[in-house]
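Data block below; observations after.
Chain letters run A, B, ... following the sequence lines, proteins first and then strands; every chain starts at 1. Everything numeric in this text was worked out from a predicted model, so none of it was measured.
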There are 2 protein chains.
Amino acid sequence: MHMSYVRETSAGYLTNWAARLFARAIERRLAGGNSGPMPVFFALQDGGAMTQKELALLAAVEQPTMANTLNRMERDGLVQRTPDPNDRRSARVSLTPLGLERARAAFVSAIEVNGIATDALQPEEREQFYGMLRRIIAALERDAGAQ
Amino acid sequence: MHMSYVRETSAGYLTNWAARLFARAIERRLAGGNSGPMPVFFALQDGGAMTQKELALLAAVEQPTMANTLNRMERDGLVQRTPDPNDRRSARVSLTPLGLERARAAFVSAIEVNGIATDALQPEEREQFYGMLRRIIAALERDAGAQ
DNA sequence: TGGATTTAGATAGCAAGCTATGCACATGAG
DNA sequence: CTCATGTGCATAGCTTGCTATCTAAATCCA
C-alpha cells in the first residue's frame, strides 16, 4: 500500500483536496474576499437576522469559529449585531447593505464554481454525488457522536 | 434559492463539511496527534527521504504550508532534516523512529475512518465516488491554472 | 425566593491553509 | 568569469478551523 494507492483512493485525502480547491476557486473570483463568510451570506441573504448560535448550527461549525468569522465580518462592515431585547446575553446578526451586496456577488461566484465542478460529472451523476456526500457526512457525524 | 437549497446541493459546501469531519474523525483516534502530518507520513512511511518541495507537491499544498508542517513535526521529533550535500539550499526530510511509529498508527486510523465513510456507500458506488472526486479536482485545477 | 444548572457568547491558544515577499545558493548565457 | 535569472526555503501576516475554558445571563426547582 504505497503513496499512490493512498493518494488515489483515500476519501479523506481527496475530499480535503477538493475542499481547498473549491475555497480557492471562489476566493479568486471575490477579489480580496474570503470564503469563510459564505455560510453567513447564504443564511442572511434574504435580509433576516439570526443569533450566532443559529448561524453556527447552519454552517456546521463550532461556536468560537462562528464568533471569529462574525467579528471579522463586523470589522469589515458586512454584518451588524443588534442586542436581543429578550435575552441580554444574545444578539441578532444581520447583513449591512454592503454585506448584502457582497452576498450577492458571493452567490454568483459559488454558483459558477459549482458549475465548473459539476460539469466534470455526467448529468445523472450529479444528484448521486450529492447523495453520496450526504451519506458520508451522516456516517462521520454518527461516528463523532459516538465519541 | 434558499439556504436549504444551498446547504443540500452546493458541492463546495458539502465537500468542505465532509473534509472537516474526516480530519476530526482521524484526530479523535490519534490522541493528541493531528491530521496535518498525514501526507508526510504516507510519503515517507517506507523509510525514504524527500525534499520539502517534493513533499509539498505530493501533498498538494503550497511550499510555506509544508514548511510549517515540517517545522512542527521536527519540533515534535517526528522528522529529521539532513542537509543535501549537492545543494546547500536544500535538505532531505525523513521520518525518525518515533515518526515511523506515529505514521503506522495514523495509517490504521485513516483506513478505519475511510471504512466508516465508504460503508455509507454501496460497494459499486465506491470507485465511482473516487472517480467523481478526481474529475472534480482535475476540473478545479484546470480552473486555477487558467487564472 | 434563592441556589444550581443550563445556555449564549467571549477569549486564549493552537494547527493548517493561503499569498506575498525576501534571501541565499545554483545555473546558464555571454 | 561574471552577472542575470531561476530555484529552494524561510518568514510575515492573514483566515478558518478546532478544543478548552470563562463570564454573565436565563431558567429551573426545591
- request: Give a yes-or-no answer on whether the side chains of A/S35 and A/E27 include a donor-acceptor pair shorter than 3.5 Å.
  value: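 A/E27 and A/S35 do have a side-chain donor-acceptor pair below 3.5 Å.
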message: Whether the B/N71 and B/R75 side chains hold a donor-acceptor pair (N or O, under 3.5 Å, no angle test) is what I'd like checked.
response: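 No - no donor-acceptor pair under 3.5 Å links their side chains.
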Rounded distance (Å) that lies between atom [atom2] of [N] and atom [atom1] of [X]:
X: A/F22; N: D/dG17; atom1: CZ; atom2: P; result: 15 Å
X: A/L55; N: D/dG17; atom1: CG; atom2: P; result: 13 Å
X: A/D84; N: D/dT27; atom1: CG; atom2: C1'; result: 15 Å
X: B/N16; N: D/dT15; atom1: CG; atom2: P; result: 17 Å
X: A/L70; N: D/dT16; atom1: CG; atom2: P; result: 11 Å
X: B/I26; N: D/dC18; atom1: CD1; atom2: C1'; result: 15 Å
X: A/N71; N: D/dG17; atom1: CG; atom2: P; result: 14 Å
X: B/K53; N: D/dG6; atom1: NZ; atom2: C1'; result: 11 Å

May I ask you to evaluate whether [X] reaches the phosphate of [N], defined as a side-chain N or O under 4.0 Å from OP1 or OP2?
X: A/T65; N: D/dT16; value: no
X: A/R88; N: D/dA24; value: no
X: A/R75; N: D/dT15; value: yes
X: B/R24; N: D/dG17; value: no

query: Is the centre of the A/F42 ring less than 6.0 Å from the centre of the A/F107 ring?
result: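 Yes, the ring centres sit under 6.0 Å apart.
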message: Taking the nucleotide of DNA chain D with the nearest heavy atom to each, does A/N86 or A/E62 sit closer to the 5' end?
response: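 Result: A/E62.
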message: If you assign each of A/T69 and A/Q63 to its closest nucleotide in DNA chain D, which residue comes earlier from the 5' end?
response: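 Looking at the nearest nucleotide for each, A/T69 comes out on the 5' side.
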More than 12 heavy atoms of other groups within 6.0 Å of B/R102 CZ: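 No, CZ of B/R102 has 12 or fewer neighbouring heavy atoms, counting only those of other groups under 6.0 Å.
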- prompt: In terms of the nearest nucleotide of DNA chain C, which residue is placed more toward the 5' end: A/P64 or A/E27?
  reply: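 Mapping each residue to its closest nucleotide by heavy atoms, the 5'-most match is A/P64.
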task: Could you check A/T51 against B/N34 and say which one's nearest nucleotide on DNA chain C is further toward the 5' end?
output: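 Closer to the 5' end of DNA chain C: A/T51.
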query: What pair of heavy atoms forms the shortest contact from B/Q63 to B/A56, and how long is it?
result: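 Closest heavy-atom pair between B/Q63 and B/A56: CA-CB, 4.3 Å.
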task: Please report the C-alpha distance between A/V40 and A/M66 in whole Å, then the side-chain angles of each, then the deciding distance to 0.1 Å, and finally whether the side-chain contact (heavy atoms from CB on, under 4.5 Å) criterion is met.
output: CA-CA 9 Å; A/V40 179; A/M66 184 52 67; 3.8 Å; yes
query: When clusters are formed by joining ILVMFWY residues with side-chain heavy atoms under 4.5 Å apart, either directly or through shared neighbours, do B/L44 and B/V108 land in the same one?
result: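 Not linked; separate clusters.
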- prompt: For A/A23, which contact category applies under a 4.0 Å heavy-atom criterion: base, sugar-phosphate, or nothing?
  reply: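 Answer is nothing: A/A23 stays at 4.0 Å or more from every strand.
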Covered region of DNA chain C, 5' end to 3' end, by chain B [heavy atoms, under 4.0 Å]: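 Going 5' to 3' along DNA chain C, contacts run C/dA15 to C/dA26.
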task: Quick one: do B/R28 and A/D143 satisfy salt bridge (charged side-chain N to carboxylate O under 4.0 Å, His left out)? Show the steps, please.
output: CA-CA 10 Å; B/R28 277 196 308 277; A/D143 177 68; 2.5 Å; yes
query: Considering only heavy atoms and no angle criterion, is a donor-acceptor pair shorter than 3.5 Å present between the side chain of B/R89 and the base of D/dT7?
result: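 Indeed there is one.
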task: Please list residues of residues 92-103 of chain B whose heavy atoms come under 4.0 Å from any atom in DNA chain D, ordered by number; otherwise none.
output: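 By residue number: none to list.
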message: Any salt bridge linking A/E141 with B/R24? Criterion: basic side-chain nitrogen under 4.0 Å from a carboxylate oxygen.
response: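 Here A/E141 does not pair with B/R24 in a salt bridge, since their nearest N and O are not under 4.0 Å apart.
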task: Test B/E62 against A/R20 for salt bridge (charged side-chain N to carboxylate O under 4.0 Å, His left out), laying out the working first.
output: CA-CA 11 Å; B/E62 298 301 318; A/R20 285 184 286 120; over 6 Å; no
